[in-house]
Number of protein chains: 2
Amino acid sequence: MDAEIREKIAGEVVLSAHPGRTLRKWREDFEISQRDLARHLETVPSVISDYESERRASPGAGFIRRYVQGLVDLDTLHGSRVGQRLGARPHSEGILGMQEFSVAVPLKAFAERLDAKAVGRIGLSRDIHGYTLLDAPRAILSIDAAHYVEVYGWTTQRALIFANVRYGRSPMVAIRAHPLKPAAVVFANPGRIDPLAIRLSEVENIPLLTTALPAPTILERLEEL
Amino acid sequence: MDAEIREKIAGEVVLSAHPGRTLRKWREDFEISQRDLARHLETVPSVISDYESERRASPGAGFIRRYVQGLVDLDTLHGSRVGQRLGARPHSEGILGMQEFSVAVPLKAFAERLDAKAVGRIGLSRDIHGYTLLDAPRAILSIDAAHYVEVYGWTTQRALIFANVRYGRSPMVAIRAHPLKPAAVVFANPGRIDPLAIRLSEVENIPLLTTALPAPTILERLEEL
DNA sequence: CCATGTTATCGTCACATGTCGAATGTGCTG
DNA sequence: CAGCACATTCGACATGTGACGATAACATGG
């Protein structure tokens, strides 16, 4: 939701040579006064001012988080005047959903969440940092080389979940062909799995999992992880 | 360049309920050891470990910045294995360039940088937080309502710079029509300015500036600001 | 000009961060 | 198993953050 904008602001603040001034820039952008923000954060305006004027040169993650959250909260109270402008840009065709986890998630836990079981001999003792859910036929048709970046988002240490696969052959072939490799592959509600798909997963050392769940349920379950 | 990925990481770390674990996640993503990172940051591995295990719960902006910069630096030394994957996605047609400043920039300073002078009576006593450089004809043709968000990026407190304008009439009409307003408008190397454009700028209380510089020069000059 | 809203400055103080070095696990590999 | 690379845990200590309240400097507008 507003996670994207919060992340953007926080990132900019941290990278800035003048974190305080950057905080101020954003507060001004939201048209929120020090007093209102202080009230919302249950503190006093001088604290805000001290940070913005960089009496404290390196504010801690906790403070930045609360400050940014405060801006977004107050904006929401004011009818999301600024927040509305983010507007969740849509994914490419074929990408049904994706997410980056903020901490590493054991593949084992991920699999349990989806009632997925391993096919083939590769163990599940690794972590993943995100996932992408793809509609296999559409993804393979409409995602050319240039768009692969989008599939992998910010990390390749992710699970690629393919929906609408019959034998799982073409997805695995595509992975085989591409230089970027996922950390795991999941087939959602597949038919009978092609032995070649399994062989490829073993050659590539990428765990292959299957689940009986349909795509929408998968998104739901992964929502809270 | 890699500013985008650094921002992303830093933002995620700050917002995370477990900043340390998120730092670790990214270091693992880059496949860099604590020892190497410590060496690069001119410190000892235990420091890295302490943060990642959250012995310190709220690392300061300075530390996070150095840590993230370290990851990207080392990745660059390794041939940008991870960094390559960002791949600067292209803008919409008609958008020649845009930037978000990390601190507020006085419009006056901005104008001087571009050798721009004000047209009309609106003063330049305000700050801007970024700019977008547009090819006027193409932008007006190809950017529909849904894409306006993109023009404004993360903040509306920005200068819209239009290149290839003749009279400046349609750009100002477009601004007049749209609910989102920029903080300033610049015409790059225009012909004779239509009086209506000036009137509109005054009605909207948006300073209107002109510069003789062509678009590429503008991008160069704003690069370092 | 007085009230109100907004921001800046500063003294103070507890406690967390930032940093190091030494010691203590793991796990791989020759 | 010895040796190495990698990671963790912990004691110690200086400095900076995080917080508050008091005071003052500014606009803005009744």
Chemist: Taking any heavy-atom pair under 4.0 Å as a contact, classify B:Ser49: base, sugar-phosphate, or nothing.
Modeler: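 Here B:Ser49 touches the bases of the nucleic acid.
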Chemist: Side-chain donor-acceptor pair under 3.5 Å between A:Glu54 and A:His18, yes or no?
Modeler: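 Yes, a side-chain donor-acceptor pair sits under 3.5 Å.
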Chemist: Given axes from five pairs at either end, by how many degrees does the helix from C:dC1-D:dG30 to C:dG30-D:dC1 bend, rounded to 10°?
Modeler: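 Here the helix ends are tilted 30° relative to one another.
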Chemist: Below 3.5 Å, can you tabulate the donor-acceptor pairs from side chains in residues 114-126 of chain B to any protein atom, sequence neighbours excluded?
Modeler:
unit_1: B:Asp115; atom_1: OD2; unit_2: B:Arg221; atom_2: NH1; d: 3.1
unit_1: B:Arg121; atom_1: NH2; unit_2: B:Glu202; atom_2: OE1; d: 3.1
unit_1: B:Arg126; atom_1: NH1; unit_2: B:Ala183; atom_2: O; d: 3.1
unit_1: B:Arg126; atom_1: NH1; unit_2: B:Asn205; atom_2: O; d: 3.4
unit_1: B:Arg126; atom_1: NH2; unit_2: B:Asn205; atom_2: O; d: 2.9

Chemist: With rounding to the nearest 0.5 Å, note down the distance linking CD1 in B:Ile9 to CH2 in B:Trp26.
Modeler: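 B:Ile9 atom CD1 to B:Trp26 atom CH2 measures 5.0 Å (nearest 0.5 Å).
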Chemist: Under the ring pair (Phe, Tyr, Trp, His ring centres under 6.0 Å) rule, collect the residues that match up with B:Tyr51, sequence neighbours excluded.
Modeler: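 If we apply the ring pair (Phe, Tyr, Trp, His ring centres under 6.0 Å) test to B:Tyr51, skipping adjacent residues, the hits are B:Phe63.
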Chemist: Quiz question: by atom type and distance under 3.5 Å, do the side chains of A:Glu52 and A:Gln34 form a donor-acceptor pair?
Modeler: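 Indeed, the side chains of A:Glu52 and A:Gln34 share at least one donor-acceptor pair under 3.5 Å.
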Chemist: Would you please say whether a donor-acceptor pair under 3.5 Å links the side chains of B:Thr132 and B:Arg158?
Modeler: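 Side chains of B:Thr132 and B:Arg158: pair found under 3.5 Å.
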Chemist: Could you state the interatomic distance from OG1 (B:Thr43) to CG (B:Asp50), rounded to the nearest 0.5 Å?
Modeler: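 Separation between the atoms: 9.5 Å.
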Chemist: Less than 4.0 Å between a side-chain N and a carboxylate O, is that true for B:Lys8 and B:Glu12?
Modeler: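 Counted as a salt bridge, because a side-chain N and a carboxylate O are separated by less than 4.0 Å.
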Chemist: Measure the shortest side-chain to side-chain distance between B:Phe162 and B:Ile175 over non-hydrogen atoms and say whether it is less than 4.5 angstrom.
Modeler: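 Side-chain contact under 4.5 Å: yes.
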Chemist: What does nucleotides 20-30 of chain D look like as a protein-contact string, B for base, S for sugar-phosphate only, - for none, at under 4.0 angstrom between heavy atoms?
Modeler: BBB--------
Chemist: Any side-chain heavy atom of B:Phe110 sitting closer than 4.5 Å to one from B:Asp127?
Modeler: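 Of all side-chain heavy-atom pairs linking B:Asp127 with B:Phe110, none is under 4.5 Å.
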Chemist: If you count every heavy atom of other residues, nucleotides or ligands that lies below 6.0 Å from A:Arg113 atom CZ, does the total exceed 12?
Modeler: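 Count over threshold, so yes.
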Chemist: In residues 16-26 of chain B, which ones come under 4.0 Å of DNA chain C, going by heavy atoms?
Modeler: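 Going residue by residue through residues 16-26 of chain B, none turns out to have a heavy atom under 4.0 Å of DNA chain C.
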Chemist: In whole angstrom, what separates B:Leu37's CG from D:dA7's P?
Modeler: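 Nearest whole value for this atom pair: 10 Å.
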Chemist: Under 3.5 Å, is there a donor-acceptor pair between the side chain of B:Ser201 and the main chain of B:Ile198?
Modeler: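 Yes, B:Ser201 side chain to B:Ile198 backbone: donor-acceptor pair under 3.5 Å.
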Chemist: For DNA chain C, note the earliest and the latest nucleotide, 5' to 3', having some atom under 4.0 Å of a heavy atom belonging to chain A.
Modeler: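 First-to-last contact on DNA chain C, by the 4.0 Å heavy-atom rule, is C:dG5 to C:dT12.
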Chemist: Using a 4.5 Å cut-off on heavy atoms from C-beta on, say whether the side chain of B:Ile95 contacts that of B:Leu133.
Modeler: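 No, side chains not in contact.
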Chemist: Could you pick out which residue, B:Ser58 or B:Ile48, lies toward the 5' side of DNA chain D when each is mapped onto its nearest nucleotide?
Modeler: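 Result: B:Ile48.
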